[in-house]
Protein chains: 2
Amino acid sequence: MAVMNEPLGLRARKKLQTRQRIETAAFELFERDGFDGTTTEAIAAGADIAPRTFFYYFPTKEDVVLADYADRLNRIVEQLRERPHTEHPWAALRASFLVVAADYDTEREQLTRRFRIMATTPSVYARNLQLQAGWEDALAAALAERMGCDPENLGPRLLASSALSAMRSSQRRWIATGQQTPLPALVQHCFDQLDTGLADIDP
Amino acid sequence: MAVMNEPLGLRARKKLQTRQRIETAAFELFERDGFDGTTTEAIAAGADIAPRTFFYYFPTKEDVVLADYADRLNRIVEQLRERPHTEHPWAALRASFLVVAADYDTEREQLTRRFRIMATTPSVYARNLQLQAGWEDALAAALAERMGCDPENLGPRLLASSALSAMRSSQRRWIATGQQTPLPALVQHCFDQLDTGLADIDP
DNA sequence: TGCAATATTGCAGTGACTGCGATATTATGA
DNA sequence: TCATAATATCGCAGTCACTGCAATATTGCA
């Protein structure tokens with residue numbers, strides 16, 4: 001299940017390259033003409049592939065923007081699975097999110113670009129929420145397993161949903177303030193609030 | 001700003017009628033052919049209007065399913081605005097949501113139909129999330145006002161986001177259990193959890 | 001080298017959604 | 001009551017994301 005990053009034959013390497021070319025071309029065009037002003041056809045042309053091939057790599061134009069953001073969330077689920085079962089579910093969630101949030105700082109420019117498009121393009125934000133909904137399911141399932149209950153119970157759902165809320169709120173703040181405060185600190189703060197209870201919020 | 005339900009000239013009345021006809025026709029077709037299997041053209045035909053006219057009433061096919069669900073959320077924002085400013089923000093949120101959740105029980109069948117489509121059709125669920133994001137903004141703004149701070153602060157955002165999470169979790173559970181437990185009770189329970197803090201969750 | 005697996009492409013199509021301009025219908029004020 | 005403004009309805013032509021299918025090229029492997 002884990003990532004294998006050793007052999008990687010010619011085929012796989014080429015595929016990654018193409019994928020990368022698509023992303024590069026896409027972001028260039030997004031920058032110039034805006035997300036909505038860019039057609040998948042134009043992206044394909046910029047990446048030197050046939051229009052049809054674009055959809056072999058990305059199911060949606062929106063997914064180009066959200067691509068790597070996606071496996072980031074996958075990593076969170078992995079983290080959660082590896083956490084000791086003795087840990088309290090909420091604590092495990094918190095820790096998992098923090099681990100992943102930590103490397104947000106390393107890829108600032110790339111992330112900022114993606115977030116900026118997401119923040120200004122409704123369809124991209126919508127797609128983002130849709131993907132997160134999928135991960136909410138995954139998180140809820142993982143939590144249910146460690147809690148020994150049905151994934152449809154309120155407990156795991158609310159935990160997963162709240163964690164993602166915390167993450168989104170943090171991200172938004174992060175962007176709004178021009179990445180002043182490091183992301184992990186914001187995430188931590190949100191988790192703290194949910195930990196103590198929202199009745200404890202300041203004013 | 002409040003609803004005016006007195007005069008309502010011929011024009012407005014006819015418009016409401018047409019809107020209603022569209023919804024009726026649409027749900028009939030959704031039932032028969034599924035959401036994705038139904039074209040806006042077919043809906044228009046069923047409602048005795050021109051294909052073009054459909055988009056004069058609904059910006060999106062998805063919005064037919066989510067229509068009345070929309071003004072329900074508007075009511076929550078109104079409620080929040082009318083709450084005494086001395087009340088703690090989280091308490092005000094809780095109260096506002098509960099007021100509106102209360103009448104979920106009255107329109108069971110209609111709501112269940114809508115939820116069921118939403119639960120099984122990704123594009124509809126996505127649109128739902130997108131609309132909720134808009135209301136999250138509205139809620140955050142209202143909260144910021146009463147808290148006397150910037151709407152972009154973490155506080156109001158996290159509060160609004162968490163409240164909506166609670167709502168979604170409750171709805172999901174409500175549907176999953178075949179509407180056994182009344183919705184308000186579920187909502188209340190979720191708000192309780194967030195109130196006390198998620199660290200307090202059972203196992 | 002030959003065969004299986006997979007990647008790339010072209011083509012033709014579907015269907016949601018838009019802009020525009022024409023026309024019908026209702027509201028309003030003189 | 002009638003002219004006029006406002007708004008609703010509609011047709012048309014077009015754009016664009018996305019799909020299924022079948023042909024072809026490329027790569028992995030025995």
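Lettering follows sequence order; numbering is per chain, from 1.
- In this structure, B/I22 places its CD1 atom 12 Å from C1' of D/dA8, rounding to the nearest Å.
- An OP1 or OP2 oxygen of D/dT27 is reached within less than 4.0 angstrom by a side-chain nitrogen or oxygen of A/K14.
- Regarding contacts with the backbone of D/dT9, a side-chain N or O of B/Y57 is found under 4.0 angstrom from either OP1 or OP2.
- Side-chain atoms of A/R83 do not come within 3.5 Å of backbone N or O of A/A95 as any donor-acceptor pair.
- To the nearest 0.5 Å, atoms CD1 (B/I117) and CZ (B/R113) are separated by 7.5 Å.
- When the side-chain nitrogen and oxygen atoms of A/T40 are compared with OP1 and OP2 of D/dA17, one or more of them lie within a distance under 4.0 Å.
- Across all strands, B/F58 comes closer than 4.0 Å to no nucleic acid atom at all (heavy-atom distances).
- As a whole-Å value, the separation of B/D36 CG from D/dT19 P is 11 Å.
- Here C/dG15 presents its P atom at 15 Å from CD of B/E62, a figure rounded to the nearest Å.
- Following rounding to the nearest Å, A/F55 (CZ) and C/dA7 (C1') show an atom-to-atom distance of 17 Å.
- Within 4.0 Å of A/F54, counting heavy atoms only, lies no atom of the nucleic acid at all.
- Residue A/T60 has a polar side-chain atom (N or O) positioned under 4.0 Å from OP1 or OP2 of D/dC18.
- Between A/W174 and A/F115, the ring planes lie perpendicular to each other; the angle is over 60°, past the 30° to 60° tilted range.
- Each of B/R11 and B/K61 was assigned the nucleotide of DNA chain C with the nearest heavy atom; the assignment lying further toward the 5' end belongs to B/K61.
- Using a 4.0 Å heavy-atom distance criterion, A/T38 is classed as a sugar-phosphate-only contact.
- A donor N or O paired with an acceptor N or O is not found under 3.5 Å between the base of D/dT9 and the side-chain atoms of B/R52.
- For D/dC10, the OP1/OP2 oxygens have a side-chain nitrogen or oxygen of B/T53 closer than 4.0 Å.
- Of the two residues contacting DNA chain C, namely A/K15 and B/F35, the nearest-nucleotide position lying further toward the 5' end is that of A/K15.
- Note: CD (B/Q17) to P (C/dT26) measures 11 Å, nearest angstrom.
- For A/Y56 and D/dT19, the OH to P distance is 15 Å, given to the nearest whole Å.
- Between the A/R173 side chain and the B/E152 main chain, a donor and an acceptor come within less than 3.5 Å of each other.
- Side-chain contact annotation: A/Q130 with A/R127, donor-acceptor N/O pair under 3.5 Å present.
- Rounding to whole angstrom units, CD1 of residue B/I43 and P of C/dA16 are separated by 8 Å.
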